[in-house]
Trainee: 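What follows is a structure written as C-alpha cells; I'll ask about it next.
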Amino acid sequence: MSNTQQLEIFIESEGDAKIVRPVGDIDLSGAPALRQQISQAQQEHPTRLIVDLSGVPYMDSSGLATLVEAMQIARRNDALLIICSLQDKVRSIFEIARLDMVFKIAQSREDAISM
Amino acid sequence: MSNTQQLEIFIESEGDAKIVRPVGDIDLSGAPALRQQISQAQQEHPTRLIVDLSGVPYMDSSGLATLVEAMQIARRNDALLIICSLQDKVRSIFEIARLDMVFKIAQSREDAISM
Amino acid sequence: MTAIQTNPVVRLEIASQPELLAGARALIAAMAQRCGFNEIMCGQISLAVDEALCNIIKHGYNCREDERIWISISITETEPKSIKIIIEDTADQIEVSEIRSRDLDDVRPGGLGVHIIKEIMDVVEYEHRQPRGMRLTLIKTNKPSQARENKEQKT
Amino acid sequence: MTAIQTNPVVRLEIASQPELLAGARALIAAMAQRCGFNEIMCGQISLAVDEALCNIIKHGYNCREDERIWISISITETEPKSIKIIIEDTADQIEVSEIRSRDLDDVRPGGLGVHIIKEIMDVVEYEHRQPRGMRLTLIKTNKPSQARENKEQKT
Ligand SMILES: Nc1ncnc2c1ncn2[C@@H]1O[C@H](COP(=O)(O)OP(=O)(O)O)[C@@H](O)[C@H]1O
Ligand SMILES: Nc1ncnc2c1ncn2[C@@H]1O[C@H](COP(=O)(O)OP(=O)(O)O)[C@@H](O)[C@H]1O
C-alpha cells in the first residue's frame, strides 16, 4: 500500500571518509534527526563526508535545507561533502530545486570515496 | 510514496493452459474487470486455468469472491483452476479467510503448469 | 468503551466510490506505520478498513456513489501504541447482530469481509449513530509480545 | 477562476503535525494515480502538497501542533484529467506577494518550497479565506503531450 518508511540513520566509516546513510523518507518530521546526525559526524572533522541516499525514496525541501547547511559547514571546515546514490524520484527534486549543480553528486558510494 | 497500481489484466496461453495475470491491486473497483476476464477465458473451456498473482500486491475480499466463483465454475466444467505466485501480503489474506486450503495454490507458474 | 482518549489527528471524508478505496488504504497504512506496525500489519489494518468501506458502499449505500463516508484516525501517544479508526455513514440503520460473515466452511463467493475485519482488529464495534447511519469503531494495539496470544484466544 | 467544477471526492483534515505529512502524501499520490499520472508525477504532486503543508505548519502556525489543516481533492471526469487540491488553514492572513521563494542562485538552507510547488503544479493560487486563514488552490492537468511545452514556457 505505502512504502513510506520511518527514518533510520546509520553512521559508517570507510578509510578517512565518514558516511551518513539515512533510510526512509526525509521530510519535516525526519530532517531534524538527519541534521543532528550529520552535525555529529562533522564534529569529528572527517576530510570527506558522504551522504548515501540509496535508502531514501522521498525527500522534501526540509531535507534539501539540511544538506545545503551541511555543505556550508563542510566548506568552512575545508572538508568535502559528497552526496551519492540518489533514487530517481529524489534526483528529480534536486533538479527542480536546481541543486544538482550545486552539490557534488556521485553515482555510487564507491565513486564518492574515490572522487 | 504509494505503490498502489491501477489494475491491468493480461491473458496468456501455455500449452493447453490459459493464464490470467492481473497486475495491480484487486479491490472492489478492480474485481469486476478480473471477473470479466476470467469468465471470458473460461468460455474457451481450457482444461487448466491459472491465475498468476505475481503482479498483485493487494487483494481484498472482492478479489477472493471473484476467485471462489471462478473455482466453482471451473469445477462445473471439469477444469482445473490453479492460483500461483502469491506475494506474502496476499497469501496472508488467503490464510485469514481460510481459503489457503480450499484453492489449489502453486509456488510458481511452472509448478502450476506441471501440477 | 475504549481506553483511548486522544483526539483524532486525521479525519477523512470520501464519496462512496470504489475508486477511492486505494487512497483511503494508503492513508491508513501510513498512519499505522506511524504507530510502529510492520509492513504486513500496516497492510492488514488497511485491508480491515477497506473491507468496512466496501460493506458500507455495497450494503449501506446499495452502490450509490454520491453518498459520504467519514473516517477518523487517532493514535495513542503512550506505549503500547494503538490506532483507533472510526468509520461513519448515513445509511439505513440495521441490527448489529445482522452484520456477520457466512460460515467459513460453506465456501461460496462473498461473505468474508466481517470475518477478515474481526480477525485483524482487536476491537470491532458496530453501533447506531444519531440521528442516522452506522458507526464502526476499530482498534488495534501494537503489542508484539501479546499479538500471538490474542490470536490464539480468538481462534 | 478554474475550469474544474467537480465536487471534491475526498476531504482530509489533519492536525498541524509534521508526523502526519506521510499520510497526506500517501493519499495524494494514490489520488493522483487515479488521475492517470505516472509514478514520478504522483510523487511530485504529493511533494508539492507536502511543501505547502510544511509552510503552513512552519510559517502559518509557527510550529504549533494543535492547529488544523484541510485538504480537499477533486478529479475531473473528462479527458484530459486534472487533479485539483485545495488546502486551507486558519493561520494569520499574510500578503500573497510575500509568499515567494528566495533567488535560486543565492544558495542557502531553506527558501525553496514555493519554487518547488510552482515548478510542479500548473495552477498555484494563494488567497485569503473568510473569515480567517489562507486558501491555496493547486491544479495539475495530465496532458502528456503538453507537459514538456508547459515546463519550457515556465523556465
Ligand atoms: N455496513 C454495513 N451495512 C449494512 N449491512 C452490513 C454492513 N456490513 C456488513 N453488513 C451485513 O453483513 C453481511 C456480511 O458481510 P461480509 O462478511 O462483509 O460479506 P459480504 O459483504 O460479502 O456479504 C453482509 O451480507 C450484510 O448483510
Ligand atoms: N502558508 C504560508 N503562510 C505564511 N507564509 C508563507 C506560507 N508559505 C510561504 N510563506 C512565506 O514564503 C516564504 C518562502 O517559502 P518557501 O519557499 O517555502 O521557503 P521557506 O519555507 O524555507 O522559507 C517563507 O519564508 C514565508 O515567509
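These numbers come from the heavy atoms of this one structure, side chains and all, not from hydrogens, waters or symmetry mates. Throughout, a chain's letter reflects where its sequence line sits, starting with A, and its residues are numbered from 1.
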Trainee: Just checking, is any N or O donor in the side chain of D:Tyr61 or D:Thr90 under 3.5 Å from an acceptor N or O on the other one?
Mentor: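 Their side chains do contain a donor-acceptor pair, which is all the 3.5 Å distance test asks for.
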Trainee: So which part of D:Ile57 gets closer than 4.5 Å to some heavy atom of chain A, the side chain, the backbone, both or neither?
Mentor: side chain
Trainee: What part of A:Leu67 is in contact with chain D, defined as an atom under 4.5 angstrom from a non-hydrogen atom: side chain, backbone, both or neither?
Mentor: neither
Trainee: Taking atom types as modelled and ignoring hydrogens, do the side chains of D:Lys84 and D:Ser74 form a donor-acceptor contact shorter than 3.5 angstrom?
Mentor: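 Absent: no donor and acceptor within the cut-off.
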Trainee: Contact part of A:Glu69 toward chain D, heavy-atom cut-off under 4.5 Å: side chain, backbone, both or neither?
Mentor: both
Trainee: Looking at D:Trp70, does the NZ or CZ of D:Arg129 lie under 6.0 angstrom from its six-membered ring centre and within 45 degrees of the ring axis?
Mentor: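 The answer is yes; both the distance and angle limits are met.
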Trainee: Return the option, out of D:Gly111, D:Pro109, D:Gly110, D:Gly113, with the maximum number of heavy-atom pairs under 4.5 Å with chain A.
Mentor: D:Pro109
Trainee: Quick one: of A:Asp60, A:Ile93, A:Leu64, A:Val102, who has the most non-hydrogen atom pairs under 4.5 Å with chain D?
Mentor: A:Asp60
Trainee: Scan side-chain atoms only and decide if A:Ser62 and A:Asp27 contain a donor-acceptor pair under the 3.5 Å cut-off.
Mentor: no
Trainee: When heavy-atom pairs shorter than 4.5 Å are enumerated against chain A, which of D:Ile116, D:Asp105, D:Leu20 gives the highest number?
Mentor: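 Option with the top pair count is D:Ile116.
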Trainee: Counting only heavy atoms closer than 4.5 Å, note whether D:Glu19 contacts chain A via side chain, backbone, both or neither.
Mentor: both
Trainee: Could you check if a side-chain atom of D:Arg25 sits within less than 4.5 angstrom of a side-chain atom of A:Asp25, using non-hydrogen atoms only?
Mentor: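 Sidechains of A:Asp25 and D:Arg25: in contact.
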Trainee: So which part of D:Leu47 gets closer than 4.5 Å to some heavy atom of chain A, the side chain, the backbone, both or neither?
Mentor: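 D:Leu47 touches chain A through backbone and side-chain heavy atoms alike.
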Trainee: I'd like to know whether CD of A:Glu12 has more than 12 heavy-atom contacts from other residues, nucleotides or ligands below 6.0 angstrom.
Mentor: yes
